[in-house]
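Positions are given from 1, in the same order as the sequence printed here. On a predicted model such as this, the values are computed, not experimentally measured, just so you know.
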Amino acid sequence: MFLQNRLSSWTTGIRQQIALPLRIELWNGQRIDFSPDTPRVTIRVPRASAVRYLLTPSLSNLGTAYVEGAIEVKGKARDMIAVVNALARTTLKAEGRFARIVRSISHDRERDAQAIRYHYDVSNDFYQQFLDPNMVYSCAYFETGQEDLATAQLKKIDHILAKIALQPGQRLLDIGCGWGALVIRAAQRYGARCVGVTLSENQCALARERVRAAGLDHLVEIRLQDYRDVRGQFDRITSVGMFEHVGLRHLPAYFATIRALLADDGLAMNHGITSTDPDNGETPYGGGEFIQKYVFPHGELAHLGQVLKAMQQGQLEAYDVENLRRHYARTCALWTENFEAAAERVRALGGDKRFRIWHVYLAGCSYAFEQDLISLYQIVCGKAGRPAATLPWSRRYMYAPAGAAQPSLGAPSGAVLSAS
């Protein structure tokens, strides 16, 4: 009776504040609707003990209950995330336990490698179900918003290579190379000599296979290697979707490592997710707690201000900063659509629990980017202290038509991008 009274009071309180396209089905057959409209999300509570998740509906609590099978949820992922966020906003305070907390996470080489393997070494087939054919697992770039995912991912890579003014024959390092799409594109279009490093064995194996299939062994080397162990000098360095794994305290050292590997007249580009909390806190209502527990163990997000500060501490100067938050909201939404369209195959490859984790994670990320809870920035940088005359007057070179002459930015005079 006590539990029923608490649930009834909770339900009444929500209905008085907001109408939701939600139905809750209890273990005793009772149905509770939160709107006269047809529900788009149904939460089934199979036993009385699971009611506790509803009464404190943080994203972490309800996400955990769904992943662990304590509750069942039916509906499109985007609707599930929207409803759960509405429940959290309506019933919880964004202070105290559910505020944007800052975690102190210990990082070392073994922990970092384990975290990468946990997330990326599920299986290549698993990721192929929802990524584009080139398997680019990072924010795409939509010039108009009408592009399909495959087109937008190629545009993202080309946008990056244009930003760093890659010249024919230059030496390029890609930190966290994934399945090799960026280095393959750089070698094909520019004849760049590329090294890609990853800590994921699955990614490394497939990336090497793709390099061989493209006939680029003479230009591209894929290494199973920690970026801190790379030696040599590179004209250009890219890091796409990797620095979230570095850790807040290690960001200055990370950027210092990039500086040490970068030629004096070189350019680097860091592409990564950031917190929108000035104090580097997590997303509100337990979203970060869920991600930390199930998706990206040991991952940490820094605010853009902290990133720029750490970059300067690493003796790098930021030349260009671009916000791609809208692009990542769209990317994650398309991944979610692909994931749900291939649900049976995804479940067979990853199992029920991993299916539920990624189902929540992909749609939750799209929502978080849409609502400015997290963001994504590309930052182009070079070694600090260079003469001003070595910098371009404008950003126009980043958007020049393929084949047009690019500013040298320290490269040999007259270098031209390949139009292939």
Note, [X] side chain near [Y] side chain (heavy atom, < 4.5 Å):
| X | Y | result |
| --- | --- | --- |
| I222 | V195 | no |
| Y141 | D158 | no |
| R210 | M135 | yes |
| E221 | R223 | yes |
| T274 | S375 | yes |
| E370 | Y328 | no |
| T64 | K293 | yes |
| H359 | F339 | yes |

Roughly how far apart are [X] [atom1] and [Y] [atom2], rounded to 0.5 Å?
| X | Y | atom1 | atom2 | value |
| --- | --- | --- | --- | --- |
| T91 | L55 | OG1 | CG | 9.0 Å |
| I160 | R236 | CD1 | CZ | 14.0 Å |
| Q128 | L349 | CD | CG | 9.5 Å |
| T42 | R31 | OG1 | CZ | 8.0 Å |
| T144 | Q146 | OG1 | CD | 5.0 Å |
| M311 | N270 | CE | CG | 5.0 Å |

Using modelled atom types and a 3.5 Å cut-off, is there a donor and acceptor pairing between side-chain atoms of [X] and backbone atoms of [Y]?
| X | Y | answer |
| --- | --- | --- |
| Q203 | L199 | no |
| E337 | W335 | no |
| Q129 | N338 | no |
| T390 | R386 | no |
| Q170 | Y190 | no |
| R23 | D33 | no |
| S58 | N61 | yes |
| R356 | Y66 | yes |
| Q225 | D229 | yes |
| N134 | V136 | no |

Quiz item: Would D372 and T276 count as having a side-chain donor-acceptor pair, cut-off 3.5 Å?
Solution: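 On atom types as modelled, these side chains do not qualify, holding no pair under 3.5 Å.
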Self-check item: Residues Q153 and K156: side-chain donor-acceptor under 3.5 angstrom
Solution: yes
Exercise. Please determine which of F243, F234, Y254 meets the ring-ring contact (aromatic ring centres under 6.0 Å, His included) test together with Y227.
Key: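 Per the ring-ring contact (aromatic ring centres under 6.0 Å, His included) rule, the option paired with Y227 is Y254, out of F243, F234, Y254.
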Quiz item: Looking at F369, is R325 sitting on its ring face, NZ or CZ under 6.0 Å from the six-membered ring centre and within 45 degrees of the normal?
Solution: no
Restricting to non-hydrogen atoms, name the atom on [X] and the atom on [Y] that form the minimum distance, rounded to 0.1 Å.
| X | Y | answer |
| --- | --- | --- |
| N124 | N202 | ND2-O, 3.2 Å |
| L20 | I14 | CD1-CG2, 4.3 Å |
| Y377 | N323 | OH-ND2, 3.3 Å |
| L149 | D132 | CD2-N, 3.9 Å |
| R78 | A363 | N-CB, 4.0 Å |
| I273 | L301 | O-CD2, 3.7 Å |

Quiz item: In terms of the angle between their ring planes, are F130 and F126 parallel, tilted or perpendicular, with boundaries placed at 30° and 60°?
Solution: perpendicular
Quiz prompt | Q233 vs L262, side chain to side chain contact (heavy atoms under 4.5 Å, CB included): CA-CA, chis, key distance, verdict | solution = CA-CA 6 Å; Q233 290 279 289; L262 190 64; over 6 Å; no
Exercise. Using the test salt bridge (charged side-chain N to carboxylate O under 4.0 Å, His left out), find all partners of E143 that sit at least two apart in sequence or belong to another chain.
Key: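 With sequence neighbours excluded, E143 shows a salt bridge (charged side-chain N to carboxylate O under 4.0 Å, His left out) to K155, given in chain and number order.
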Quiz item: ring-ring contact (aromatic ring centres under 6.0 Å, His included) between Y127 and Y137: does it pass, once the steps are laid out?
Solution: CA-CA 9 Å; Y127 285 100; Y137 191 29; 5.1 Å; yes
Exercise. Begin with the C-alpha distance, continue with both residues' side-chain angles, and end with the deciding distance and a verdict on side chain to side chain contact (heavy atoms under 4.5 Å, CB included) for V220 and C194.
Key: CA-CA 5 Å; V220 179; C194 304; 4.2 Å; yes
NZ/NE/NH1/NH2 to OD/OE distance under 4.0 Å, [X] and [Y]:
| X | Y | value |
| --- | --- | --- |
| E68 | K353 | yes |
| E322 | K163 | yes |
| R171 | D235 | no |

Self-check item: Given L308, L316, D320, the one that forms side chain to side chain contact (heavy atoms under 4.5 Å, CB included) with I379
Solution: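 Result: among L308, L316, D320, L308 is the only option passing the side chain to side chain contact (heavy atoms under 4.5 Å, CB included) with I379.
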Exercise. Starting from the C-alpha separation in whole Å, work towards a yes-or-no answer on salt bridge (Lys or Arg N to Asp or Glu O under 4.0 Å) for R212 and D217.
Key: CA-CA 6 Å; R212 286 193 296 270; D217 294 85; 5.3 Å; no
Quiz item: Where do F34 and I18 land on the side chain to side chain contact (heavy atoms under 4.5 Å, CB included) test, with the steps shown first?
Solution: CA-CA 8 Å; F34 291 77; I18 188 172; over 6 Å; no
Practice problem: Quick one: do L324 and F142 satisfy side chain to side chain contact (heavy atoms under 4.5 Å, CB included)? Show the steps, please. | Solution: CA-CA 9 Å; L324 295 181; F142 301 86; over 6 Å; no
